[in-house]
Amino acid sequence: MKHAGPSWGIWKIEESSGALFSLLRNGEEYLPQLESIRTEPRRREWLASRVLLQELAGGPVRIAYRPNGAPYLSDSSLHVSISHTKGYAAVLLQDRPAAGIDIEYRSARVLKIRRRFMNPEEEAAIDKGHETEHLLLHWCAKETLFKMVGQEGVDFLCHLHVRPFPYAEEGSFTVFETRTEEGSVFRLNYLVTPDFVLTRS
């Protein structure tokens, strides 16, 4: 699944790591990093995100990392964000800063960690009929916003905020951060499917 303007896509991972590696036109450049990834599922997720990025960019690209771990393209002015979860990889490319995307497999585990990232206002707006999905959208939103802020020392509970929005399977909502003096506000798009939820800038 691929989209344009900003360019983003989702890769359903069904190939082996060997098959995915063969799709990379500059695979040899990734060998040192790839050799440090021990498990096959993790290797497949990592490779799928690079193959998808190559598809979106229209050719091989070089990924480097900032001191805070955020990826960037060393040979392009485009801004990139990468995410993966069980069975899927997602990539966003855009020409403006503050790129962010997050994809999460649908799981009830989010119910157990909600206190780590949900503030009282956010909790009050949760749709009890779609509790897991609505919580996952909040988690995805804060992961996406974290990538967009690009700062160290970000607390998901104290610094990242989701304005109340009614649950739906697709749409957009507003997020803002209080980590910086600017207090940036963004509009995120979202998608809920039977397998995953996704948010992006």
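Arg114 places a side-chain heavy atom less than 4.5 Å from the side chain of Glu131. Looking at heavy atoms from C-beta onward, Pro97 lies out of side-chain contact with Met148 at the 4.5 angstrom threshold.
Checked by atom type and distance alone, the side chain of Lys147 pairs as donor or acceptor with a backbone atom of Ile101 at under 3.5 Å. Between the Lys12 side chain and the Gly87 main chain, no donor and acceptor come within less than 3.5 Å of each other. A donor-acceptor pair under 3.5 Å is formed between the side chain of Arg44 and the backbone N or O of Ile13. A donor-acceptor contact shorter than 3.5 Å is absent between the side chain of Thr144 and the backbone of Ser201. Remark: the backbone N or O of Val149 is not paired with any side-chain donor or acceptor of Arg179 at under 3.5 angstrom. Using a distance-only test at 3.5 Å, with no hydrogens or angles considered, a donor-acceptor pair links the side chain of Glu122 to the main chain of Asn119. With hydrogens and angles ignored, the 3.5 Å screen pairs a side-chain donor or acceptor of Gln54 with a backbone N or O of Leu23. Judged purely by atom type and a 3.5 angstrom limit, Arg43 uses its side chain to pair as donor or acceptor with the backbone of Leu34.
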Please determine whether side-chain hydrogen bond (donor to acceptor under 3.5 Å, both in side chains) holds for the pair Ser36 and Gln33, giving the CA-CA distance in whole Å, both sets of side-chain angles, and the decisive distance to 0.1 Å. CA-CA 5 Å; Ser36 69; Gln33 291 169 284; over 6 Å; no
Please assess Asp102 against Ser83 for the test side-chain hydrogen bond (donor to acceptor under 3.5 Å, both in side chains), listing each intermediate value before the final yes or no. CA-CA 5 Å; Asp102 191 65; Ser83 181; 3.2 Å; yes
For Val80 and Ile82, what are the C-alpha separation, side-chain angles and deciding distance, and is it a side-chain contact (heavy atoms from CB on, under 4.5 Å)? CA-CA 7 Å; Val80 64; Ile82 298 170; 4.1 Å; yes
Show, in sequence, the C-alpha distance, side-chain angles and deciding distance for Asp195 and Arg106, and conclude whether the side-chain contact (heavy atoms from CB on, under 4.5 Å) test is met. CA-CA 6 Å; Asp195 289 338; Arg106 280 177 72 159; over 6 Å; no
For Glu182 and Ser184, what are the C-alpha separation, side-chain angles and deciding distance, and is it a side-chain hydrogen bond (donor to acceptor under 3.5 Å, both in side chains)? CA-CA 6 Å; Glu182 294 80 11; Ser184 300; 5.6 Å; no
Dump the intermediate steps for side-chain contact (heavy atoms from CB on, under 4.5 Å) on Thr199 and Phe173, then the final yes or no. CA-CA 10 Å; Thr199 57; Phe173 53 80; 4.1 Å; yes
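Phe196 and Tyr88 have their aromatic ring centers within a separation under 6.0 angstrom.
Rounded to the nearest 0.5 Å, atoms OG (Ser17) and CD1 (Ile37) are 10.0 Å apart.
The side-chain hydrogen bond (donor to acceptor under 3.5 Å, both in side chains) test applied to Glu169 returns no partner, not counting sequence neighbours. Scored by the ring-ring contact (aromatic ring centres under 6.0 Å, His included) test, Phe156 finds Trp139, Phe146 as partners (sequence neighbours excluded). Residues forming a salt bridge (charged side-chain N to carboxylate O under 4.0 Å, His left out) with Asp75 (at least two apart in sequence, or on another chain): Arg62. Scanning for ring-ring contact (aromatic ring centres under 6.0 Å, His included) contacts around Trp46 gives Tyr30, with sequence neighbours left out. Judged as a ring-ring contact (aromatic ring centres under 6.0 Å, His included), and not counting sequence neighbours, the contacts of His138 are His134, Phe165. Residues passing the ring-ring contact (aromatic ring centres under 6.0 Å, His included) test with His161 are Phe176, sequence neighbours excluded.
Pairing each heavy atom of Gly58 with each of Arg25, the nearest pair is O-NH1, 4.3 Å.
Around the CZ atom of Arg109, the shell of radius 6.0 Å holds no more than 12 heavy atoms that belong to other residues, nucleotides or ligands.
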